[in-house]
Amino acid sequence: MDILICHGPNDDNILDLNIKYNKENVAHRNMYIVSHDPDLEKEGCIVIREDILPFKHKIMQLYPNNKSRWGWYLQQLIKIHAHIFIPEISENYLTIDCDSLFIKPTSFFENDIPLYNYVIKPIHTPYFEHMKRMHKDLSQIENSSGICHHMIFNTKILIEMFTFIEQEYNSINNTKYSFFEIFMVSISESEFGNSGASEYELYFNYIQKYHTGDFKLRQLLWDENVRTITQIQNYDIQNTKNNYISCHYWRNGR
(Lines give C-alpha, C1' and ligand atoms only; values in the text may rest on other atoms or scores of the structure.)
Protein backbone atom coordinates (compact mmCIF):
# COMPACT_ATOMS: atom_id res chain seq x y z
CA MET A 1 0.00 0.00 0.00
CA ASP A 2 1.19 3.50 -0.88
CA ILE A 3 0.35 6.67 1.02
CA LEU A 4 -0.74 9.89 -0.70
CA ILE A 5 -0.55 13.30 1.00
CA CYS A 6 -1.88 16.54 -0.50
CA HIS A 7 0.24 19.46 0.70
CA GLY A 8 -1.31 22.93 0.46
CA PRO A 9 0.06 26.32 1.57
CA ASN A 10 -1.77 26.17 4.91
CA ASP A 11 0.06 22.96 5.80
CA ASP A 12 3.67 24.08 5.48
CA ASN A 13 4.24 23.99 9.23
CA ILE A 14 2.71 20.54 9.78
CA LEU A 15 4.02 18.58 6.79
CA ASP A 16 7.17 17.33 8.51
CA LEU A 17 5.12 16.03 11.44
CA ASN A 18 2.73 14.34 9.02
CA ILE A 19 5.62 12.56 7.33
CA LYS A 20 7.23 11.59 10.65
CA TYR A 21 4.17 10.13 12.37
CA ASN A 22 2.52 8.52 9.37
CA LYS A 23 5.75 6.91 8.20
CA GLU A 24 6.26 5.46 11.69
CA ASN A 25 2.75 4.19 12.30
CA VAL A 26 1.30 3.17 8.94
CA ALA A 27 2.86 0.26 7.06
CA HIS A 28 3.43 1.35 3.48
CA ARG A 29 5.59 1.04 0.39
CA ASN A 30 5.94 4.61 -0.96
CA MET A 31 4.80 7.96 0.37
CA TYR A 32 3.74 10.39 -2.36
CA ILE A 33 3.36 14.09 -1.62
CA VAL A 34 1.48 16.25 -4.12
CA SER A 35 2.62 19.74 -3.24
CA HIS A 36 1.82 23.36 -3.99
CA ASP A 37 5.55 24.09 -3.57
CA PRO A 38 7.38 23.44 -6.87
CA ASP A 39 10.73 23.29 -5.06
CA LEU A 40 9.74 20.90 -2.28
CA GLU A 41 12.01 17.95 -1.57
CA LYS A 42 11.53 15.48 1.26
CA GLU A 43 13.88 12.60 1.95
CA GLY A 44 12.20 9.22 1.61
CA CYS A 45 9.18 10.69 -0.22
CA ILE A 46 8.21 11.05 -3.87
CA VAL A 47 7.16 14.66 -4.46
CA ILE A 48 4.86 15.68 -7.31
CA ARG A 49 4.11 19.28 -8.25
CA GLU A 50 0.40 20.04 -8.24
CA ASP A 51 0.83 22.68 -10.95
CA ILE A 52 1.55 20.02 -13.58
CA LEU A 53 -1.97 18.61 -13.11
CA PRO A 54 -4.99 19.94 -15.07
CA PHE A 55 -7.42 20.31 -12.17
CA LYS A 56 -6.46 23.72 -10.82
CA HIS A 57 -6.82 25.50 -14.16
CA LYS A 58 -10.23 23.94 -14.75
CA ILE A 59 -11.47 24.96 -11.28
CA MET A 60 -10.31 28.53 -11.91
CA GLN A 61 -12.18 28.57 -15.22
CA LEU A 62 -15.43 27.26 -13.79
CA TYR A 63 -15.50 29.30 -10.57
CA PRO A 64 -13.42 32.46 -11.10
CA ASN A 65 -15.08 34.32 -8.22
CA ASN A 66 -14.62 31.71 -5.48
CA LYS A 67 -10.88 31.68 -4.95
CA SER A 68 -11.10 30.80 -1.27
CA ARG A 69 -12.26 27.24 -2.03
CA TRP A 70 -10.12 26.44 -5.06
CA GLY A 71 -7.56 24.58 -2.99
CA TRP A 72 -10.20 22.58 -1.10
CA TYR A 73 -11.68 21.11 -4.27
CA LEU A 74 -8.25 20.72 -5.85
CA GLN A 75 -7.05 18.37 -3.11
CA GLN A 76 -10.23 16.29 -3.47
CA LEU A 77 -9.65 15.82 -7.20
CA ILE A 78 -5.98 14.99 -6.65
CA LYS A 79 -6.82 12.22 -4.19
CA ILE A 80 -9.26 10.40 -6.44
CA HIS A 81 -7.19 10.81 -9.62
CA ALA A 82 -3.85 9.62 -8.25
CA HIS A 83 -4.15 6.34 -10.15
CA ILE A 84 -4.16 8.37 -13.39
CA PHE A 85 -1.23 10.72 -12.84
CA ILE A 86 0.74 8.18 -10.75
CA PRO A 87 0.20 5.02 -12.82
CA GLU A 88 2.64 3.05 -10.68
CA ILE A 89 0.74 3.72 -7.43
CA SER A 90 -0.41 0.62 -5.54
CA GLU A 91 -3.84 -0.84 -6.33
CA ASN A 92 -4.99 0.18 -2.85
CA TYR A 93 -3.59 3.51 -1.69
CA LEU A 94 -4.24 5.44 1.49
CA THR A 95 -4.84 9.17 1.43
CA ILE A 96 -4.22 10.98 4.71
CA ASP A 97 -5.14 14.64 5.09
CA CYS A 98 -2.02 16.71 5.63
CA ASP A 99 -3.27 17.93 9.01
CA SER A 100 -3.84 14.39 10.33
CA LEU A 101 -1.24 12.24 12.06
CA PHE A 102 -1.44 8.59 13.06
CA ILE A 103 0.16 8.49 16.49
CA LYS A 104 -0.26 4.76 17.11
CA PRO A 105 0.50 1.81 14.81
CA THR A 106 -2.67 1.30 12.79
CA SER A 107 -3.56 -1.48 10.37
CA PHE A 108 -5.72 -0.89 7.31
CA PHE A 109 -6.26 -4.46 6.17
CA GLU A 110 -7.68 -7.65 7.63
CA ASN A 111 -6.94 -10.75 5.55
CA ASP A 112 -6.35 -8.49 2.52
CA ILE A 113 -9.72 -6.75 3.02
CA PRO A 114 -9.43 -2.95 3.43
CA LEU A 115 -10.78 -1.45 6.63
CA TYR A 116 -12.76 1.79 6.66
CA ASN A 117 -13.32 4.13 9.53
CA TYR A 118 -16.66 5.90 9.85
CA VAL A 119 -18.51 8.28 12.11
CA ILE A 120 -22.18 8.73 13.00
CA LYS A 121 -23.11 12.39 12.58
CA PRO A 122 -25.76 14.56 10.90
CA ILE A 123 -25.45 14.42 7.14
CA HIS A 124 -24.31 17.45 5.17
CA THR A 125 -27.11 17.58 2.58
CA PRO A 126 -25.16 19.38 -0.21
CA TYR A 127 -22.75 16.43 -0.47
CA PHE A 128 -25.56 14.06 -1.33
CA GLU A 129 -27.30 16.54 -3.62
CA HIS A 130 -24.01 16.80 -5.48
CA MET A 131 -23.77 13.01 -5.78
CA LYS A 132 -27.33 12.82 -7.09
CA ARG A 133 -26.57 15.39 -9.79
CA MET A 134 -23.65 13.24 -10.91
CA HIS A 135 -25.74 10.06 -11.06
CA LYS A 136 -29.37 9.52 -10.09
CA ASP A 137 -28.61 6.26 -8.25
CA LEU A 138 -26.01 7.71 -5.88
CA SER A 139 -27.17 8.41 -2.35
CA GLN A 140 -26.31 7.93 1.31
CA ILE A 141 -26.51 4.20 2.05
CA GLU A 142 -26.30 4.08 5.84
CA ASN A 143 -26.62 6.59 8.66
CA SER A 144 -22.88 7.14 8.76
CA SER A 145 -20.19 9.31 7.20
CA GLY A 146 -16.87 8.33 5.65
CA ILE A 147 -15.30 11.72 6.34
CA CYS A 148 -12.63 10.74 8.84
CA HIS A 149 -9.59 12.59 7.40
CA HIS A 150 -8.23 9.53 5.56
CA MET A 151 -9.48 7.02 3.02
CA ILE A 152 -8.29 3.90 1.23
CA PHE A 153 -9.00 4.10 -2.50
CA ASN A 154 -8.91 1.09 -4.79
CA THR A 155 -7.79 1.95 -8.33
CA LYS A 156 -10.04 -0.61 -10.03
CA ILE A 157 -13.10 0.61 -8.15
CA LEU A 158 -12.22 4.23 -8.97
CA ILE A 159 -12.01 3.43 -12.68
CA GLU A 160 -15.34 1.62 -12.44
CA MET A 161 -16.94 4.54 -10.56
CA PHE A 162 -15.63 7.07 -13.07
CA THR A 163 -17.09 5.09 -15.98
CA PHE A 164 -20.38 4.55 -14.14
CA ILE A 165 -20.80 8.31 -13.63
CA GLU A 166 -19.48 9.41 -17.03
CA GLN A 167 -21.80 7.13 -19.00
CA GLU A 168 -24.91 8.19 -17.12
CA TYR A 169 -24.17 11.91 -16.97
CA ASN A 170 -23.03 12.27 -20.59
CA SER A 171 -25.94 10.23 -21.88
CA ILE A 172 -28.52 12.37 -20.10
CA ASN A 173 -26.83 15.71 -20.78
CA ASN A 174 -25.49 15.00 -24.28
CA THR A 175 -21.96 15.89 -23.17
CA LYS A 176 -18.53 14.29 -23.34
CA TYR A 177 -17.24 15.31 -19.94
CA SER A 178 -14.58 13.44 -18.03
CA PHE A 179 -15.25 12.45 -14.44
CA PHE A 180 -13.44 15.43 -12.94
CA GLU A 181 -15.41 17.84 -15.14
CA ILE A 182 -18.65 16.17 -14.03
CA PHE A 183 -17.53 16.37 -10.41
CA MET A 184 -16.96 20.11 -10.72
CA VAL A 185 -19.98 21.16 -12.80
CA SER A 186 -22.24 19.20 -10.45
CA ILE A 187 -21.33 21.43 -7.51
CA SER A 188 -24.07 23.93 -6.81
CA GLU A 189 -22.75 27.45 -7.41
CA SER A 190 -24.51 28.60 -4.24
CA GLU A 191 -22.64 25.92 -2.24
CA PHE A 192 -19.25 26.16 -3.94
CA GLY A 193 -17.92 28.71 -1.46
CA ASN A 194 -18.98 26.52 1.46
CA SER A 195 -18.77 22.73 1.22
CA GLY A 196 -20.45 21.59 -1.96
CA ALA A 197 -18.90 18.17 -2.55
CA SER A 198 -16.94 15.43 -0.82
CA GLU A 199 -14.75 12.86 -2.57
CA TYR A 200 -14.63 10.79 0.64
CA GLU A 201 -18.42 10.67 0.97
CA LEU A 202 -18.82 9.86 -2.71
CA TYR A 203 -16.44 6.90 -2.64
CA PHE A 204 -17.57 5.67 0.79
CA ASN A 205 -21.21 5.44 -0.29
CA TYR A 206 -20.35 4.02 -3.71
CA ILE A 207 -18.51 1.03 -2.22
CA GLN A 208 -21.29 0.47 0.31
CA LYS A 209 -23.81 0.19 -2.51
CA TYR A 210 -21.82 -1.66 -5.17
CA HIS A 211 -18.94 -3.42 -3.33
CA THR A 212 -20.41 -4.70 -0.09
CA GLY A 213 -18.10 -7.71 0.11
CA ASP A 214 -14.90 -5.85 -0.70
CA PHE A 215 -14.36 -3.96 2.56
CA LYS A 216 -15.06 -3.94 6.29
CA LEU A 217 -16.11 -1.11 8.57
CA ARG A 218 -14.36 -0.41 11.84
CA GLN A 219 -14.21 2.55 14.16
CA LEU A 220 -10.97 4.24 15.08
CA LEU A 221 -10.62 6.90 17.75
CA TRP A 222 -9.23 10.33 16.99
CA ASP A 223 -8.87 13.79 18.47
CA GLU A 224 -9.46 16.83 16.28
CA ASN A 225 -9.30 19.40 19.04
CA VAL A 226 -5.54 19.83 18.81
CA ARG A 227 -4.89 23.46 17.85
CA THR A 228 -1.13 24.05 17.75
CA ILE A 229 2.12 22.43 16.71
CA THR A 230 3.24 22.59 20.34
CA GLN A 231 0.18 20.60 21.42
CA ILE A 232 1.04 17.95 18.83
CA GLN A 233 4.61 17.73 20.07
CA ASN A 234 3.45 17.45 23.70
CA TYR A 235 0.57 15.05 23.03
CA ASP A 236 0.35 12.21 25.56
CA ILE A 237 0.69 9.39 23.06
CA GLN A 238 1.45 6.72 25.65
CA ASN A 239 -1.78 7.22 27.60
CA THR A 240 -4.27 8.10 24.88
CA LYS A 241 -6.62 5.65 23.19
CA ASN A 242 -6.69 7.75 20.03
CA ASN A 243 -5.23 6.29 16.86
CA TYR A 244 -4.73 9.67 15.24
CA ILE A 245 -5.04 13.40 15.78
CA SER A 246 -6.06 16.20 13.43
CA CYS A 247 -4.86 19.77 13.80
CA HIS A 248 -7.10 21.80 11.48
CA TYR A 249 -5.88 25.13 10.17
CA TRP A 250 -9.48 26.31 9.69
CA ARG A 251 -10.01 26.15 13.44
CA ASN A 252 -7.58 29.03 13.83
CA GLY A 253 -4.94 26.67 15.09
CA ARG A 254 -1.20 26.23 14.68
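Fair warning: this is a prediction, and the values are worked out from it, not measured in the lab. Position 1 is the first residue of the sequence; numbering continues from there.
In summary, the side chains of Tyr118 and Asn143 do not present any donor paired with an acceptor at a separation below 3.5 Å, with no hydrogens or angles considered. Side-chain contact check for Glu224 and His149: at least one donor-acceptor pair (N or O, by modelled atom type) lies under 3.5 Å. Looking at Glu160 and Tyr210, their side chains never bring a donor and an acceptor atom within 3.5 Å of each other. Between the side chains of Ser178 and Glu166, no donor N or O sits under 3.5 Å from an acceptor N or O. A donor and an acceptor atom, one from each side chain of Thr230 and Thr228, are nowhere located under 3.5 Å apart. Side-chain contact, Thr175 with Asn170: a donor N or O sits under 3.5 Å from an acceptor N or O. Under the 3.5 Å distance criterion, with hydrogens and angles disregarded, a donor-acceptor pair is assigned to the side chains of Asp97 and Tyr200. Inspection of the Asp223 and Tyr244 side chains reveals no N or O donor paired with an N or O acceptor under 3.5 Å. When only modelled atom types and interatomic distance are considered, His7 and Ser35 share a side-chain donor-acceptor pair under 3.5 Å.
Ring geometry, Phe204 versus Tyr116: the interplanar angle falls from 30° to 60°, so the pair is classed tilted. In this pair, Tyr93 and Phe153 present their aromatic rings tilted. The plane angle is within the 30 to 60° band. Under the 30°/60° scheme for interplanar angles, the aromatic rings of Phe162 and His81 are found to be tilted. The aromatic rings of Phe164 and His135 sit parallel, their planes meeting at an angle under 30°, below the 60° perpendicular limit.
Taking each heavy atom of Ile237 and Ile103 in turn, the nearest pair found is CG2-O, 3.4 Å.
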- [ ] Begin from the C-alpha positions of Ser198 and Gln76 and carry the test side chain to side chain donor-acceptor pair (under 3.5 Å) through to its verdict.
- [x] CA-CA 7 Å; Ser198 168; Gln76 293 193 39; 5.1 Å; no
Task: Intermediate values then yes/no, side chain to side chain contact (heavy atoms under 4.5 Å, CB included), Thr155 and Asn92 - done: CA-CA 6 Å; Thr155 60; Asn92 292 292; over 6 Å; no
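For the atom pair OG1 of Thr212 and CD1 of Ile141, the computed distance is 10.5 Å after rounding to the nearest 0.5 Å.
Linking ILVMFWY residues whenever their side-chain heavy atoms come closer than 4.5 Å, directly or via other members, places Met1 and Val34 in the same cluster. Note on Met161: it clusters hydrophobically with Tyr169, by side-chain heavy-atom contacts below 4.5 Å among ILVMFWY residues. Criterion: ILVMFWY side-chain heavy atoms under 4.5 Å apart, direct or through other members. Under it, Leu202 and Trp72 are part of a common hydrophobic cluster.
With a 6.0 Å cutoff to the six-membered ring centre and a 45° limit on the axis angle, Arg218 counts as a cation-pi contact of Phe108.
Using a 4.0 Å cut-off between charged nitrogen and carboxylate oxygen, Glu24 and Lys20 count as a salt-bridge pair. A salt bridge links Lys42 with Asp16: at least one charged nitrogen is closer than 4.0 Å to a carboxylate oxygen.
For the side-chain contact (heavy atoms from CB on, under 4.5 Å) test, residues two or more places apart in sequence or in another chain that qualify with His124 are Pro126, Tyr127, Ser195.
By the 6.0 Å contact criterion, NZ on Lys104 is enclosed, its count of non-hydrogen atoms from other residues, nucleotides or ligands being greater than 12.
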